> 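Okay, here's the structure, questions in a sec.
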Amino acid sequence: MGAAPDRTTAWSRAAKVLARRLVQGVPIVLGIVVVNFLLLHAAPGTVVDALVGQMGASDPALVERMRTQFGLDRPIWERLLLYLWNLVRLDLGFSAFYNMPVDVLIFERLAATALLMLSSIGVALSLGVVAGVAAARRFNTFWDGLIGVVALLFYATPVFWIGLMLLVLFAVQLDILPIGGMQTVAAEFGPIGTALDVLWHLILPMTTLSLFFIATYTRLMRSSMLEAYQQDYVRTARAKGVPERDVAYRHVLRNALLPVVTVVGVQIGALLGGAVVVESVFNWPGLGRLAYDAVLQRDFNLLLGILFMSSIVVIVVNILVDLLYAWLDPRIAVE
Amino acid sequence: MTITRRDAGRGIAAILGTGMTMGASGARAQSRGGTLTCLLANEPPMLTSAFNTALPLGTIATKVLEGLLAYDAQMNPSPALATSWTVSPDGLAYTFRLRSGVKWHDGRDFTSADVAFSAMSVWKELHPRGRAVFANLTAVETPDAHTAVFRLSAPSPVLLSALHAYESQILPRHLYEGTDIQNNPANNAPIGTGPFRFREWRRGQFILLERSPDYWDAGKPLLDRVIFRVMTDAGARSAAMENGSVDIGFWSPVSLAETERLRRLRHIEVTTSGYEYASPMFFMELNLRRPPLDNVMVRRAMMHAIDRQFIIENIFLNYAEPVTGPIPRSSPFYTADVRQYPFNPRLANEMLDAAGVRRGANGIRFSITHDPVPQGDEHAQSADYVKQALSEVGINVDVRRQDLASQIRRVSTWDFDMSSNPLFAMFDPALGVNRLFWSENIRQGTPFTNVSGFRNAEIDQIIARQGSERDPAARRALYHRFQQIIMDEVPLLYLLEVKYATIANRRVRNHTADGAAAFGNFANISIEGR
């Protein structure tokens, strides 16, 4: 390692890389949109079937009118070109099922999903890293075994079951937490009250989802800590007489964080997909449920919109993760 | 904070309106105020059921928007927005006197022009059943603001059965005329004349209605607010019922086993009344184009091979009733005088042998596919039972599982052998039953039509004649014959009538007053002692 590069050049280089990566993302997003579009249209049934199916009654003229209204009478390539043209103009189209612009529907749910996912990942990351480090430092002791078993237990238990059990315990038996939803319906609490109300509703779904994530982080942290302990620089540090505490936190931890960052990146990338199961059990108005319903309702504009936004998030998060690597480990140059 | 607001509201109501309420309700004092929280298993696509008959939608919209008539438990018409009605001697003109002083929730007057617009531009044009029901309607005249005259090209006795708030909802002309009705913003934020007005819809969470202060029925509604909570997870719905965060759920909101568990709790009651209006019949459609299903002997044998009582008791846990034909027992058109199909696999085997459909070397006579409706566990389990029961008589059934859109597509494009469906018979067969058997309703690509491809000249004749038959007794006789023919021919295998459960907290009063409880307007529902 030579002298540390000049700060300003590092930043401008990062900015250039960022711009280039974003431009590279455009054809990827385009490809994703086209493949999604074709895949979805290969599914049997259309939104007309789903809508009429729920009505329990129908009429030939009505079905024909709906097909025309939703453009289903047009050839598929024409619909694809129209969709792409609209996308270029940043128009995600209209949801056939909800009768609303897709972007409005998505943005309504975005905050709820982001809150749930980010808080769960945040909590899980902090606890997982702590537990992983603790397990690695007490490698092959009782504590290591206990942490491993507990993490595995949470990982192996179905999320919906944990969710329902927490619900039965805290909302039905003890009656101290709400039964689901994101806020008390039609209550006027003021801004601070509303925020507290949302947090109160967040506790159970966040806990449920964190328990699932914690296991991954704990196991990953533990194994990459153990791997880092084998490295030569650790032996060097110990030989120099660096206290064991400092070896763990300053030398091992920082290097062991890289795989965890990768996994966090992947999970944040999947953020818009939300957590369908947890959202359903706790009635959390997130994007996961919206996407799931959109599949059942064959509401392709809505689903394509969600997938489009997801692909953008994935690409952006990937770039950020790469930059983060470089910051954590200067040996990795941002190319 | 919620509690304070509710109590304050109740206090004010007590001061202002006690005398009025006591006078109106007679024997039992009803408490006013409070919030009713109602379960909703699915998010509705919109909040207007004037041209979309989906269940969650009808459950919400009927509190905000109204129809010309209401119906009592025996399905006799009673006044709603129409106060009286007369039919001309030739049966070609129906004159409705409309309630005066009724206002839309945005303050405009409700007039006969709204009725004319709704009938001609909405029900007759866009409603999935309305297009058939109002086929004979040629014009709606409005001699004055409170009179609407329906002009018909031929008598149409079903008309008076179809003017419920769910079936034929009156929309405000001033918001809809000249617009794209199906995409009108008012569909998502309805303006009606009903006891509750729309306040907020937070998608994925709840729909909030609040009492309309100047509802025409003075002193009503009793509740201050109605909240519909969308809860898509059945386990969470059950927990919410149990801890009292929701008060009521219609249309069997949790699985039947869970319903039985909740029923044993002290604060919960379960009723299966209130669905006579819809009368959902569970049947299996057969594709008569495909041999050997075109052979009536084979179809009769299949009826004998299925133990329908077993399905009712073990799968539907008695939340179902036996049926003898296409028309439910609660209907005035019902007759039991039809060919009966007691469970008798031995007879079924003999009938199949006699029909020349013999068992092959592997014991199988023929194989068919079955596309059960993907709604709830009961329908999936029934399919498993049917597969087993038919294998006893040498019929191999391949059950295909899929989601609703796929099943609807397969069945409506006739790409099936056997499928199952729980369809509303409705209390007048002209609304819900004829469509399944009328040869002119064989329409490839359109769901819930005559997908079997059943053709019977006498049935077609009966359907044509009943439409203009004004003598109720003669019309009933026509439908008796109708049921006899259908049960001789068995184009569909009728299994049972579904009895939906309403699960309610005991503090909710008057939730099931007539045959359309979930589609009622909730004006008389109150919440006791909280």
Side-chain angles (χ1 to χ4, degrees), chain A residues 43-47 49-63 65-66 69 94 97-100 105 108-109 112 160 163-164 167-168 171-173 175 178-189 193 277 279-286 289-290 293 295-298, chain B residues 1-2 5 35 37 42-43 45-46 51-56 126-129 131-132 182-183 187-188 199-200 202-206 208 210 225 227 229-233 235-236 239-240 242-243 245-246 402-410 412 422-424 432 435 443 445-449:
Chain A
T46 63
V47 67
D49 295 304
L51 272 170
V52 171
Q54 286 167 28
M55 287 195 213
S58 77
D59 174 279
L62 192 86
V63 168
R65 188 198 301 257
M66 286 166 81
Q69 189 194 344
F94 223 68
F97 189 83
Y98 291 103
N99 244 306
M100 281 179 71
L105 277 168
E108 264 181 4
R109 307 281 184 109
F160 80 91
L164 276 177
L167 206 61
V168 167
V172 178
Q173 300 297 332
D175 204 8
I179 195 101
M182 194 168 84
Q183 60 207 106
T184 308
V185 179
E188 280 141 36
F189 288 139
V277 176
E279 285 175 11
S280 295
V281 170
F282 293 101
N283 208 31
W284 192 263
R289 255 172 70 199
L290 192 67
D293 287 346
V295 175
L296 292 185
Q297 286 145 1
R298 301 291 192 275
Chain B
M1 207 170 279
T2 336
R5 280 171 58 84
T35 301
T37 307
N42 296 301
E43 182 100 30
M46 59 172 98
F51 48 86
N52 183 327
T53 47
L55 288 191
L126 303 174
H127 192 282
R129 283 187 287 258
R131 288 178 50 84
Q182 284 164 306
N183 291 314
N187 294 336
N188 292 341
R199 181 149 139 215
E200 191 182 4
R202 212 161 288 177
R203 283 182 179 69
Q205 297 189 65
F206 62 87
L208 171 64
E210 62 185 6
R225 296 192 296 200
I227 296 166
R229 269 189 78 171
V230 182
M231 302 188 83
T232 46
D233 186 82
E242 187 170 353
N243 92 336
S245 7
V246 296
Q402 57 227 313
D403 68 359
L404 185 64
S406 312
Q407 194 248 8
I408 292 277
R409 164 55 58 99
R410 259 194 174 140
S412 67
L423 267 199
F424 288 1
R435 56 181 173 171
R443 313 258 194 183
T446 308
F448 314 124
T449 51

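Each chain gets a letter, A, B and so on, in the order the sequences are listed, and its residues count up from 1. Predicted model, so just to flag it, every value in this text is computed and none were measured.
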> Checking A:Val63 against chain B: side chain, backbone, both or neither under 4.5 Å from a heavy atom?
side chain

> Side chain, backbone, both or neither: which part of A:Leu296 has a non-hydrogen atom closer than 4.5 Å to chain B?
both

> Are A:Val185 and B:Gln205 packed together at the side-chain level, in the sense that at least one heavy-atom pair is separated by less than 4.5 angstrom?
no

> Just verifying a value: how many Å separate B:Asp403 CG and A:Gln297 CD, rounded to the nearest 0.5 Å?
10.5 Å

> Check whether any side-chain heavy atom of B:Ile408 sits under 4.5 Å from a side-chain heavy atom of A:Val52, and report yes or no.
no

> Which one of B:Ser245, B:Ser406, B:Ala236, B:Gly432 has the most heavy-atom pairs closer than 4.5 Å to chain A?
B:Ser406

> Where the side chain of A:Arg289 meets the backbone of B:Gly204, is there a donor-acceptor pair that is under 3.5 Å apart?
yes

> Under a 4.5 Å heavy-atom cut-off, does chain B meet the side chain of A:Gln69, its backbone, both or neither?
side chain

> Below 4.5 Å from any heavy atom of chain B, which atoms of A:Leu51 appear? Answer side chain, backbone, both or neither.
side chain

> If you measure from CZ on B:Arg129 to CG on A:Leu62, what distance do you get to the nearest 0.5 Å?
12.0 Å

> OG1/A:Thr184 to CZ/B:Phe206 distance, rounded to the nearest 0.5 angstrom?
10.0 Å

> Measuring from atom CG of B:Asp233 to atom CG of A:Leu164, what distance do you get when rounded to the nearest 0.5 angstrom?
5.5 Å

> Are any of the side-chain heavy atoms of B:Phe448 and A:Met55 separated by less than 4.5 Å?
no

> Roughly how far, to the nearest 0.5 Å, is the CZ atom of B:Arg410 from the CG atom of A:Asp49?
12.5 Å

> So what's closer than 4.5 Å to chain B heavy atoms on A:Asp175: side chain, backbone, both or neither?
side chain

> Could you grab the distance from atom CZ of B:Arg435 to atom OG of A:Ser58, nearest 0.5 Å is fine?
8.0 Å

> Could you check B:Arg202 against A:Gln183 for side-chain hydrogen bond (donor to acceptor under 3.5 Å, both in side chains), going step by step and ending with a plain yes or no?
CA-CA 11 Å; B:Arg202 212 161 288 177; A:Gln183 60 207 106; 3.0 Å; yes

> Which atoms of B:Glu210 come close to chain A, meaning under 4.5 Å heavy atom to heavy atom: side chain ones, backbone ones, both, or neither?
neither

